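Below: the structure, in structure tokens.
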Amino acid sequence: MNKLIVILGPTSSGKTDLSVKLAKKFKGEVVSADSRQVYKGMDVGSGKVTKKEMAGIPHYLLDVASTRQRFSVAQYQKLAMKAIKKIQTNNKIPFVVGGTGFYIQSITDGVVVPEVKPDWRLREKLEKMTVVEMFEKLKKLDPKRAESIDQKNPRRLVRALEIVLKTGKAVPSLGKNQNKKFEILEIGIIKSRTELKNRIHLRLVKRLKNNLMVKEIEKLHKILSWKRLEEFGLEYRFVAQYLQGKITYQEMMDKIEIESIQYVKRQETWFKRDNRIKWVKNYIEAEKLIKKFI
RNA sequence: GCCGAGGUAGCUCAGUGGUAGAGCACUGCUCUGAAAAAGCAGUGGUCGAAGGUCCGAUUCCUUUCCUCGGCA
């Protein structure tokens, strides 16, 4: 059976370092699972591995999309599965590494997302409705989905309506079957909140040094609107706000740190639901787990 | 020293004679092609201190301490 190793953890937990070391030791190659690192030109702000840090280990799913387009889980799943197969045929072990829980789940659970491509014009129209109106509409068109949906979340409502309106059929129920194609080991990096806080702070200072990150975002703005840049969140959102004069430099720094920690919490909440994850503190513990697994 | 403004949740502030709210922070949670996104819920205050009036004061009065402006 084909083996697959997942290395996950909250932002700033040290996934890159650990995964490169492990990949070297166990003849592995890395498949990134990061919703921002897929974009070309988002390097400093997304904490993308540098060529040097890769230390010769091939990395997939980096720079596979243009920031002008919107990437999605469905695309991720397809590309990542392809990369995984390729790695396995080369008799190497794929290491899926990242912090985007939804992307990871698309591999480990093999979730089948409904085959309905986003229709941005339709979404724009739908978004003009209030959530109450959207929910009422969904209740009529797809009462079953309406039962389980988050009634106050416009994104979810828009997507559900999009599926129903485009296909004329109800949203298929989610079959959460484990991916049977692989034998999977999921390793999570555990770090205390205070340590993550420190690391996030130091990382931010480093990224701000020499204006590296600000320059990167100014460059991105040449082809992207501020609005679009703000959609990317965290460093991209607040540096964009700073460059527009909406907030001060200090406010920008504070905001990035606060929201990064909030992001950590959201990631932890997501990972908590997956009890396959084996939590480790360091390289040694991870190495032990993999030795047993192989 | 005098005059004025203010002291209410971790922060910024609203408010009322019948023991208090908001936003943000904080904590927990959700997640069907935007997921660093988008949502939901919850905790939290002896209302600066001490007296007084009142059935009752955070709200009115007095004193006091502190902060910020202006004048000396």
Side-chain angles (χ1 to χ4, degrees), chain A residues 10-12 32-39 42 44-48 65 67-80 98-106 109-120 122-124 126-127 131 134-135 138 142 144-164 166-167 169-177 193 197 200 203-204 207 213 217 227-240 247 251 254-274:
Chain A
T11 188
S12 195
S32 164
D34 186 298
S35 67
R36 295 298 178 261
Q37 296 183 4
V38 294
Y39 292 107
M42 291 175 65
V44 183
S46 74
K48 200 180 280 168
T67 46
R68 278 200 262 210
Q69 287 160 342
R70 274 169 224 265
F71 197 74
S72 72
V73 224
Q75 293 169 68
Y76 175 79
Q77 192 182 32
K78 273 175 208 144
L79 293 174
T100 304
F102 197 24
Y103 284 14
I104 293 169
Q105 196 195 13
S106 81
D109 284 347
V111 268
V112 186
V113 282
E115 278 292 331
V116 181
K117 282 186 185 153
D119 179 340
W120 291 94
L122 175 65
R123 288 186 180 188
E124 226 172 273
L126 291 170
E127 270 164 10
V131 281
M134 282 193 265
F135 181 66
L138 184 66
D142 185 354
K144 204 173 157 225
R145 175 67 179 125
E147 264 174 46
S148 62
I149 205 164
D150 182 350
Q151 294 180 30
K152 290 179 184 170
N153 192 326
R155 293 256 163 117
R156 297 278 130 67
L157 290 163
V158 164
R159 174 60 182 162
L161 285 171
E162 182 177 60
I163 292 168
V164 179
K166 299 286 268 194
T167 63
K169 284 186 237 160
V171 179
S173 58
L174 182 73
K176 254 197 194 169
N177 44 342
R193 289 257 170 100
K197 238 181 206 170
I200 285 166
R203 182 175 82 175
L204 178 62
R207 287 179 185 178
M213 193 158 69
I217 290 161
K227 188 170 169 267
R228 173 72 174 131
L229 273 169
E230 285 190 34
E231 276 177 23
F232 287 118
L234 299 184
E235 2 279 287
Y236 295 98
R237 174 173 294 170
F238 298 111
V239 172
I247 56 175
E251 282 169 339
D254 293 346
K255 275 288 199 179
I256 289 173
E257 290 190 26
I258 288 167
E259 299 229 354
S260 293
I261 283 293
Q262 292 176 338
Y263 176 46
V264 164
K265 285 186 274 191
R266 261 177 282 134
Q267 288 177 302
E268 284 174 351
T269 301
W270 181 285
F271 295 141
K272 248 183 245 173
R273 301 190 310 174
D274 187 347

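Below, chain A is the first sequence line, B the second, and so on; all start at residue 1. None of the values given here were measured: they were computed from a predicted structure.
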Taking the minimum atom-to-atom distance to the side chain of Ile258(A), which one of C26(B), A34(B), G39(B) wins?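 Closest of the options to the side chain of Ile258(A): C26(B).
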### From C26(B), A38(B), G33(B), nucleotide with atom closest to Arg155(A) side chain
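Minimum distance to the Arg155(A) side chain belongs to A38(B).
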Indicate whether OP1 or OP2 belonging to [N] is found under 4.0 Å from a side-chain N or O atom of [X].
X: Gln151(A); N: G39(B); result: no
X: Tyr76(A); N: G33(B); result: no
X: Arg36(A); N: A35(B); result: yes
X: Arg159(A); N: A34(B); result: no
X: Arg266(A); N: A35(B); result: no
X: Lys272(A); N: C29(B); result: yes
X: Gln262(A); N: C26(B); result: yes
X: Arg156(A); N: U30(B); result: no

- prompt: Does Tyr103(A) reach the side chain of Ser32(A), with side-chain heavy atoms less than 4.5 Å apart?
  reply: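 Sidechains of Ser32(A) and Tyr103(A): no contact.
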Report yes if the side chains of Asn153(A) and Val131(A) come closer than 4.5 Å at any heavy-atom pair, otherwise no.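 The answer is no; the side chains never approach within 4.5 Å.
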Spacing of [X] atom [atom1] relative to [N] atom [atom2], expressed in whole Å:
X: Gln77(A); N: U32(B); atom1: CD; atom2: P; answer: 14 Å
X: Arg237(A); N: A35(B); atom1: CZ; atom2: P; answer: 12 Å
X: Met134(A); N: A38(B); atom1: CE; atom2: C1'; answer: 11 Å

**Message:** Assess the residue pair Leu79(A) and Phe71(A) against the criterion (side-chain contact (heavy atoms from CB on, under 4.5 Å)); give the C-alpha distance rounded to whole Å, side-chain angles, the decisive distance to 0.1 Å, and a yes or no.
**Reply:** CA-CA 11 Å; Leu79(A) 293 174; Phe71(A) 197 74; 4.0 Å; yes
(message) Using heavy-atom distances to pick each residue's nearest nucleotide on RNA chain B, tell me which of Lys197(A) and Thr100(A) is more 5'.
(response)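 Its nearest nucleotide being more 5', the pick is Lys197(A).
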Relative to the 5' end of RNA chain B, which residue comes earlier, Lys152(A) or Gln75(A), by the nucleotide with the nearest heavy atom?
->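 Counting from the 5' end, the first nearest nucleotide belongs to Gln75(A).
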Could Lys227(A) and Glu230(A) be called an ion pair, given the rule that one side-chain N must be under 4.0 Å from one carboxylate O?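 A salt bridge is absent here (no side-chain N lies under 4.0 Å from a carboxylate O).
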Taking only Lys NZ, Arg NE, NH1 and NH2, and the carboxylate oxygens of Asp or Glu, determine whether Glu231(A) and Arg70(A) approach each other closer than 4.0 Å.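 So Glu231(A) pairs with Arg70(A) through a salt bridge.
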**Request:** Determine whether any donor atom in the side chain of Glu124(A) lies under 3.5 Å from an acceptor atom in the base of A34(B), or the reverse, and answer yes or no.
**Result:**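 Per atom types, no contact qualifies.
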Suppose we define a pair by two distances each less than 3.5 Å, Watson-Crick or G-U wobble; what does G39(B) pair with here?
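Pair assignment: G39(B) / C29(B).
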Just name whichever nucleotide pairs with U67(B), Watson-Crick or G-U, keeping both distances under 3.5 Å, else none.
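Partner of U67(B): A5(B).
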Distance, C1' atom - from A57(B) to G52(B), rounded to whole angstrom
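Result for the C1' pair: 11 Å, nearest Å.
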